[in-house]
S.K.: 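Structure provided below as C-alpha cells; questions to follow.
Every chain is numbered from 1, with letters handed out A, B, ... down the list of sequences.
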There are 2 protein chains.
Amino acid sequence: MTVASKTVSDVIHSHFGVLTRAEKQLAESLLDNYPVSGLGSITTIAENAGVSTPTVVRMVQKLGYKGYPDFQAHLHQEVEATISNPIAKHDRWASNAPGTHILNRFADAIIDNLRQTLTGLDTATFDSVATLLSDRKRNLYFVGGRITGALAEYFFTHMQVIRPNTALLSANSSSWPQYVLNMNPGDLLIIFDIRRYEQELVSLATAAKNSGAEIIIFTDQWASPATKLARHTFRVQIEAPSAWDSSVVTLFIVEALIEAVQNSTWDETKERMKTLEGLFEQTRLFRKLG
Amino acid sequence: MTVASKTVSDVIHSHFGVLTRAEKQLAESLLDNYPVSGLGSITTIAENAGVSTPTVVRMVQKLGYKGYPDFQAHLHQEVEATISNPIAKHDRWASNAPGTHILNRFADAIIDNLRQTLTGLDTATFDSVATLLSDRKRNLYFVGGRITGALAEYFFTHMQVIRPNTALLSANSSSWPQYVLNMNPGDLLIIFDIRRYEQELVSLATAAKNSGAEIIIFTDQWASPATKLARHTFRVQIEAPSAWDSSVVTLFIVEALIEAVQNSTWDETKERMKTLEGLFEQTRLFRKLG
DNA sequence: ACTGTCATGAAAAGATTTTTTCAGTGTGCG
DNA sequence: CGCACACTGAAAAAATCTTTTCATGACAGT
C-alpha cells in the first residue's frame, strides 16, 4: 500500500507534480509546519491555505486517501509515532526471557507505570516535598496501611539516618493519638494509602491537620480520600499483571526523595552517618564481648 | 488564564480530585498515551475511554474549557509545541522534568538496573523459587537487614495472605535461635542481604542449613557471603545516583514472585483471601462497637 | 470568435460531531 | 427505610464538518 507505508509528507511530495495551482498552495501550507498544520478540521486548513474546502477534498483524494477523515487519520498516526516515547519500545531484555514470562510482563507494566507516574508528576511538587522533609525543625511522622506499612518503614529507616526528629507510627492505630498529641504546627505526616483505603488514616490525617501538621500522601491513581487534606500528593501508577498492586514506583519516588533530602544537606548528614557508623561498630563489639 | 498557561495534562491532574468515576476513567484514558489519545473526535475518545460523549463534554467544561473544540485546540497547540521543539521530542515522557532533575536521573538508573538484573537472571531460577514458595508444606522464614528489613516485611505480608506457615524474623537477632530450633528439613529461609553484609545473617544461614532448611538469598551484584550456603540466589543490580542503594529492582522481583506463587495456587488462595476479607470486616466492626 | 476542458469556490446536501435534555440508577444520609 | 442528590448514558437537538453539485471563469485549440 502506497499510502500505508509512506508518510503523508512523502505522498504529497511524490504527487506534487500533478497538483493544480490551488492544490499546490494547499500542499505548501500543509508542509509548512508539518504535520501539525493538518491537525484541525478541513475548514480550518482550507482557510489557512486560502483555498476552498472542495479543493482540500479533491486533493486528498488525488493523493490516494478515501476522504478527509482518512487523510487525517494517517496524519494522526504519524504524530503519534513522532511523539510516542522511546521507553515504549519493547526491544530491551527480550534476550533470555520469553515474551510471556511473568518477569517480562511485570517489567513492561512497571516501566509503563513509571512512565505514566513521571508524566503526571510535577517536579515542583517533588522539590517542595524534598524541601519540607529537609527542614530539621519539623518533626516527621511516617505511617502506612497493612501493605504499605513496609514502604513507610523503608522511608523512615533512611530518614532516621539522615536527620533527627523522625518517627514511625505503628500499624496499630491505638498508639496514634499520643503522636498526634505531640504534633506541632509545621510538622509533617507522611501517609501511604493505596487502594483499599483505610478509613482510620483519614481520621488520623484530620486530627493531624487540626494540630497544624502538614500532610504528604502517597496514593494511587484513584486517590485516597485523605488526599483532600494533603498539602502535597504523589499519585503513583500501581497497576501490575497481578492480583496485587505494585509498590515499585512508589518505592522509586521514596528513594528519589531520600536522595534529594540527603543531597540538600549533605554536610550535616555526613557527620550523622559517621557517628552512626561508630555506634553500629560498638554494638557489634558489645555482642562479641557479651 | 489558568487554562492558557498550563498544559492540558497539568489541568487534568490538578482537577483530578474533583472528577467523578467516569470522568476519572476518561482522564486516565486521555493521560495514557498523552497527548495523542486526545487527537480524535469526541466520539472516538469517549469510546476509547468507555464512557459516553456527554461525560467528555462535562469533564472538559469542568476543566475550564469552553467545550470540546476548545479543549482540543489546546491539545493541538501542545502537540505543536512538543513536535516543533527538538529537545522535547527526544524524551517526551520526561518532558516536564528537566534533564538533570534527580527524578530523571533516578529513572534512568532504575531502568538500567532492571535491564541488567533481568539479563543476568535465569528464568529457571525464578520458576524454581516460585515452585518452592508455593509448597505449603514448607515453612517460610523471612529475614532482612537494617535497610532490607522492610523488603522482608513486604514479602512476608503478602505471602502470609497467600499461604499458611509463614514467619517474619525480627531485625533483632536474639530471637533467631528459637526459629532455627523449629526449622524442619525442606523449610525455606528467605534472606535479604545487601552491601554492608551483616555477619549475623551468615551465622543464621549456617544454622538454618544445618537444620536442613533451604536458603534463598536476595543480594547485590557483589554477592553476600551467605550466598555460598544458598540453594537459589537473586543477584540484583542496586546502583542509584545516590549515597544509598536502590531496592526498587529487588522489590520488583519480590512482586513478580508473589504473583507467580499466587497464580500457581489461585484456588486455594482465593478461599484464604475471602476468609481474610471477612476477618478484616469483623475487626472493623469490633472497633466501631468497641 | 466559438467550443470544450479544466480548475475553482459558493452553496446545498449529507454525514458526523458536539451539546443539551432527560430519565434511570445508585449512593449517602437522616 | 426512604428521600435527596449526584452521576451517567441514551437519545434528541444543534452545530459543525465533509462531500457533492453546480455555476463561473480561464484558457487552449480550432
S.K.: So if I take every side-chain heavy atom of B:T20 and compare against D:dT19, D:dC7, D:dG9, which nucleotide ends up nearest?
M.R.: D:dC7

S.K.: Output a table of nitrogen or oxygen pairs between the protein and nucleotides 20-30 of chain C separated by less than 3.5 Å.
M.R.:
none

S.K.: Distance check needed: C:dT19 P versus B:I45 CD1, whole Å only.
M.R.: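 Nearest whole value for this atom pair: 11 Å.
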
S.K.: Kindly write out the residues that satisfy ring-ring contact (aromatic ring centres under 6.0 Å, His included) with A:F126, not counting sequence neighbours, or none if the list is empty.
M.R.: B:H101

S.K.: Could you pull out all residues at least two apart from A:E153 that satisfy side-chain hydrogen bond (donor to acceptor under 3.5 Å, both in side chains)?
M.R.: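 Listed in chain order: nothing, the list is empty.
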
S.K.: Under the side-chain hydrogen bond (donor to acceptor under 3.5 Å, both in side chains) rule, collect the residues that match up with A:E28, sequence neighbours excluded.
M.R.: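 Checked A:E28 against side-chain hydrogen bond (donor to acceptor under 3.5 Å, both in side chains); zero matches.
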
S.K.: Rounded to whole angstrom units, what separation is found between the NZ atom of B:K66 and the P atom of C:dT18?
M.R.: 15 Å

S.K.: Starting at atom CD1 of A:I42, determine the distance to atom C1' of C:dG9, rounded to an integer number of angstrom.
M.R.: 13 Å

S.K.: Which nucleotide sits closest to the side chain of B:Y68: C:dT19, C:dT8, D:dT19?
M.R.: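 Selected nucleotide: C:dT19.
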
S.K.: Reckon B:R21 has a side-chain N or O less than 4.0 Å from the OP1 or OP2 of D:dC7?
M.R.: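 No.
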
S.K.: To the nearest Å, give me how far apart CE (A:M59) and C1' (D:dT18) are.
M.R.: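 Taking atom C1' of D:dT18 as the reference, CE of A:M59 is at 15 Å.
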
S.K.: Do you see a donor-acceptor pair shorter than 3.5 Å between the side chains of A:N172 and A:S174?
M.R.: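 A donor-acceptor contact under 3.5 Å links the two side chains.
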
S.K.: Go through the structure and list residues passing side-chain hydrogen bond (donor to acceptor under 3.5 Å, both in side chains) with A:D135, not counting sequence neighbours.
M.R.: A:R138

S.K.: Which comes earlier along DNA chain D counting from the 5' end, the contact point of B:E23 or that of A:G67, where each point is its nearest nucleotide?
M.R.: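 By nearest-heavy-atom nucleotide position, the 5'-most residue is B:E23.
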
S.K.: List the atom pairs, donor and acceptor, that lie under 3.5 Å between side-chain atoms in residues 248-256 of chain A and the rest of the protein, sequence neighbours left out.
M.R.:
residue	atom	partner	partner atom	Å
A:E255	OE1	B:S246	OG	2.7
A:E255	OE2	A:Y154	OH	2.9
A:E255	OE2	B:S247	N	2.5

S.K.: What residues form a side chain to side chain contact (heavy atoms under 4.5 Å, CB included) with B:K62, not counting sequence neighbours?
M.R.: B:V18, B:L19, B:T20, B:E23

S.K.: Once you round it to whole Å, what is the distance between P of D:dA6 and CG of B:L19?
M.R.: 17 Å

S.K.: Roughly, in whole Å, what's the span from CD in A:E47 to P in C:dG9?
M.R.: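 Rounded to the whole Å, the gap is 13 Å.
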
S.K.: Do A:Q116 and A:D112 have side-chain N/O donor and acceptor atoms under 3.5 Å apart?
M.R.: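 Looking only at side-chain atoms, A:D112 and A:Q116 do form a donor-acceptor pair, the distance falling under 3.5 Å.
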
S.K.: Return no unless some side-chain N or O of A:T55 is found under 4.0 Å from OP1 or OP2 of C:dT8.
M.R.: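 No, A:T55 has no side-chain N/O under 4.0 Å of OP1/OP2 on C:dT8.
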
S.K.: Dump every N/O contact between nucleotides 13-16 of chain D and the protein below 3.5 Å, one line per pair.
M.R.:
none

S.K.: Rounding to an integer number of Å, can you tell me how far A:Q72 CD sits from D:dT18 C1'?
M.R.: 11 Å

S.K.: Below 3.5 Å, can you tabulate the donor-acceptor pairs from side chains in residues 38-51 of chain B to any protein atom, sequence neighbours excluded?
M.R.:
residue	atom	partner	partner atom	Å
B:S41	OG	B:T43	N	3.4
B:S41	OG	B:T44	N	3.2
B:S41	OG	B:T44	OG1	2.9

S.K.: Whole angstroms only, please: what is the NZ-P distance between B:K24 and D:dT8?
M.R.: 10 Å

